[in-house]
Number of protein chains: 2
Amino acid sequence: MLAANSRQSEHPPVDASDETRARLVEAAGEVFARRGYRSATIRDICIRAQANVAAIHYHFGDKEALYNHVLRDSLKTALKQYPPSAGLSDGANARERLRAFIRSLLFRTLDDGPAACHGQLMLREMAEPSPALDELVRQGIRPLYELLGSIVRDLYIEYSDGRPPAPRAVRRCAQSVIGQCIYHRLARPVLERLLPDLKYNKNEVAELAEHIAEFSIAGIAHCARIARRTRR
Amino acid sequence: MLAANSRQSEHPPVDASDETRARLVEAAGEVFARRGYRSATIRDICIRAQANVAAIHYHFGDKEALYNHVLRDSLKTALKQYPPSAGLSDGANARERLRAFIRSLLFRTLDDGPAACHGQLMLREMAEPSPALDELVRQGIRPLYELLGSIVRDLYIEYSDGRPPAPRAVRRCAQSVIGQCIYHRLARPVLERLLPDLKYNKNEVAELAEHIAEFSIAGIAHCARIARRTRR
DNA sequence: AACCGTTTCAAACAAGCGTTTTATCTCCGA
DNA sequence: TCGGAGATAAAACGCTTGTTTGAAACGGTT
C-alpha cells in the first residue's frame with residue numbers, strides 16, 4: 001500500500017503538457033461523481049479517458065491518489081467559475097453581499113454541466129467522509145464559512161442596533177442560510193420524484209437564490225430583534 | 001439474479017418468531033448506514049448478527065432485498081419514535097404545528113442511537129438513489145412533504161390577509177424549512193471539523209429546532225407580506 | 001424412534017476489482 | 001544510427017465479493 005514505488009522518484013511526473021493525465025482527471029471526476037468512490041472502477045475511468053488501466057498507477061500512484069486530485073481540482077474549478085463574491089461592487093452592503101454569496105453557492109452546487117461534478121462530489125464527501133475531507137474543509141469550506149459568518153454578523157448588528165451578537169446566534173443563522181442552499185442539491189432526487197416538472201435552469205436558480213436571500217434576511221432580522229429584546 | 005429460487009415457495013418465510021431474521025435486519029441497518037450499500041459486505045453483517053453468510057440468501061433472497069427491508073424498517077421505526085405531530089394538542093395553530101414538525105424532523109434525522117440508522121440511510125439514498133427510493137418517497141416522504149405544505153400554507157395565509165398563496169411560493173418556503181433541518185445531518189462531518197466542540201444532545205437539538213422555527217416563521221411572514229404587496 | 005420440513009453451516013464458485021509485471025512504442029539527443 | 005528515458009499497452013495476479021451448494025442440525029408430529 002504505502003510501499004515506495006520503485007520505478008519513479010515521485011508519482012506525478014512534474015512534466016507539463018501531459019494530455020493523458022488531464023483526460024484521466026476529467027473522466028475520473030465524472031465517474032466518481034456518478035458512481036461514488038467505491039463503485040467507480042478504474043477500468044471505467046480509463047475507458048472514458050481512452051487510456052490503459054496501468055496509466056492510473058503510472059500517473060497518480062493509485063485510485064485514492066487520483067480521487068484526491070479530482071477533489072482538489074473540482075473545487076478549484078468550481079470556485080473559479082462561481083466566485084463567492086461574484087459581481088459585487090466594492091462598497092456593497094451586507095444585504096447585497098448575502099445575495100451574492102447565496103447566488104454563487106447555489107450555482108456552484110447545482111451546476112451539472114460536463115466536468116462540473118463539484119456539487120455531487122461534495123455531497124458524497126459529506127454523506128461518507130473520506131480522508132480527503134479534512135483538507136477540503138481547511139482549504140475550501142472554512143474560508144467560505146467565515147465569509148458568510150462575517151456577512152451575517154454585519155446584518156445581525158444592523159438589526160440589533162449595533163449590539164455585538166452572540167457567536168452562537170450568528171452561527172445558527174449562517175447554518176440556516178447554507179442549509180437552504182445545499183438542500184436543493186441534496187434533495188434533488190427526491191424533489192424530482194415529488195415534482196415531476198422540476199427544472200433547475202439559470203432562471204430558476206436565480207429566482208431560488210432571490211427567495212432564499214429574502215427568506216434569510218427576514219429570519220436574521222427577526223433573530224437579531226429577539227436578541228435585542230431579551231438582552232436589554 | 002431474478003431466477004426463481006428453487007428451494008422455497010417464497011423468499012421470506014412468513015413465519016413469525018424468527019430470531020435470526022431480526023438480528024440480520026438490525027445488523028444490516030448499522031452496516032449499511034456506516035459503510036453504504038456497496039461497501040457493506042454480507043460477511044460483515046452476518047458476523048455482527050452471529051449468522052452464516054447463507055442466512056441472507058435464505059431469509060431475504062439477496063443483498064438488495066435485505067437492503068430494501070432495512071430501509072422500510074428504519075423508516076417505520078423512526079416515524080413511530082418521532083411522529084411528525086408529536087405532543088400537539090388538537091386545536092394547535094400553524095405556528096405550533098410548524099414547531100412540532102421541525103422538532104420531530106430534527107430529532108428523527110439526528111438520532112444516532114443504536115439501531116437508529118434512519119438519518120444516515122436516508123442521506124445515502126439522496127446522495128446516491130437506489131431503486132428503493134421511489135417507494136420511499138411515495139410512502140414516507142410525500143406525506144410529510146404535504147403535511148409541511150399545509151402548515152406553511154396556513155401560516156402564509158395568516159400573514160397575507162387571507163389571500164390564497166401561490167403554490168410555488170409555499171413550496172419554496174417549505175423547502176427552506178426542510179433544508180435548514182436536514183442540513184445538520186448532511187453537514188455533520190464538516191461542522192465537526194469546523195467547530196470541534198460541537199454536540200448534538202437533546203438540549204442542543206431542541207434549541208436548534210426553536211431557532212429554525214423562529215427563523216422560518218419570520219421568513220414565511222416576510223414572503224407572505226411581499227406577496228400581499230405585489231399582488232394587490 | 002423414524003420422519004420431514006425448516007433452519008443453519010462450512011466450503012466452494014465465479015466474477016469483478018485494484019494492482020503489478022513485462023513488453024512495446026515514441027521521441028529526442030549524442 | 002543508436003541508446004535510453006518517458007509513456008502506453010496487454011496480460012496476469014491476488015484478493016474480496018455476492019452467491020450457491022450439499023450436508024448437517026434442529027424441532028415438532030406420528
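Below, chains carry the letters A, B, ... as their sequence lines are ordered, and counting in each starts from 1. Just so it is clear, the values below take in all heavy atoms, side chains as well, and ignore hydrogens, waters and symmetry mates.
With rounding to the nearest 0.5 angstrom, the OH atom of Tyr67(B) is 6.0 Å from the CG atom of Leu121(B). From Leu24(A), atom CG reaches atom NE2 of His59(A) across 6.5 Å, with rounding to the nearest 0.5 Å.
Side chain of His211(B) to main chain of Arg172(A): a donor-acceptor pair is present (N/O by atom type, distance under 3.5 Å, no hydrogens or angles).
Atom CD of Glu19(A) and atom C1' of dA7(D) are 13 Å apart (whole Å). In this structure, Leu24(B) atom CG and dG18(D) atom C1' are separated by 15 Å, rounded to whole Å. One can place OH of Tyr58(B) at 7 Å from P of dT8(C), the figure rounded to the nearest angstrom. Here the P atom of nucleotide dA7(D) and the CZ atom of Arg23(A) are 13 Å apart, to the nearest Å. Between the CZ atom of Phe60(B) and the C1' atom of dT8(C) there is a distance of 15 Å, given to the nearest Å. Across the protein-nucleic acid pair, Ile56(B) atom CD1 and dT20(D) atom C1' stand 14 Å apart, rounded to whole Å.
Between dT7(C) and Thr20(B), no contact under 4.0 Å exists linking OP1 or OP2 to a side-chain N or O. Note on His57(A): a side-chain N or O is less than 4.0 Å away from OP1 or OP2 of dT20(C). OP1 or OP2 of dT8(C) lies within a sub-4.0 Å distance of a side-chain N or O belonging to His59(B).
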Between the protein and nucleotides 10-17 of chain C, are there any N/O to N/O pairs under 3.5 Å, and if so, what are the atom names and distances?
| residue | atom | partner | partner atom | Å |
| --- | --- | --- | --- | --- |
| dA10(C) | N7 | Asn52(B) | ND2 | 3.1 |

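For Gln50(A), the CD atom counts as loosely surrounded, since its 6.0 Å shell holds 12 or fewer non-hydrogen atoms of other residues, nucleotides or ligands.
Gln120(A) pairs in a side chain to side chain donor-acceptor pair (under 3.5 Å) with only one of the listed residues (Arg188(A), Glu125(A), Arg185(A)), which is Arg185(A).
Taking the charged nitrogens against the carboxylate oxygens, Asp134(A) and Arg138(A) have no contact shorter than 4.0 Å, which rules out a salt bridge.
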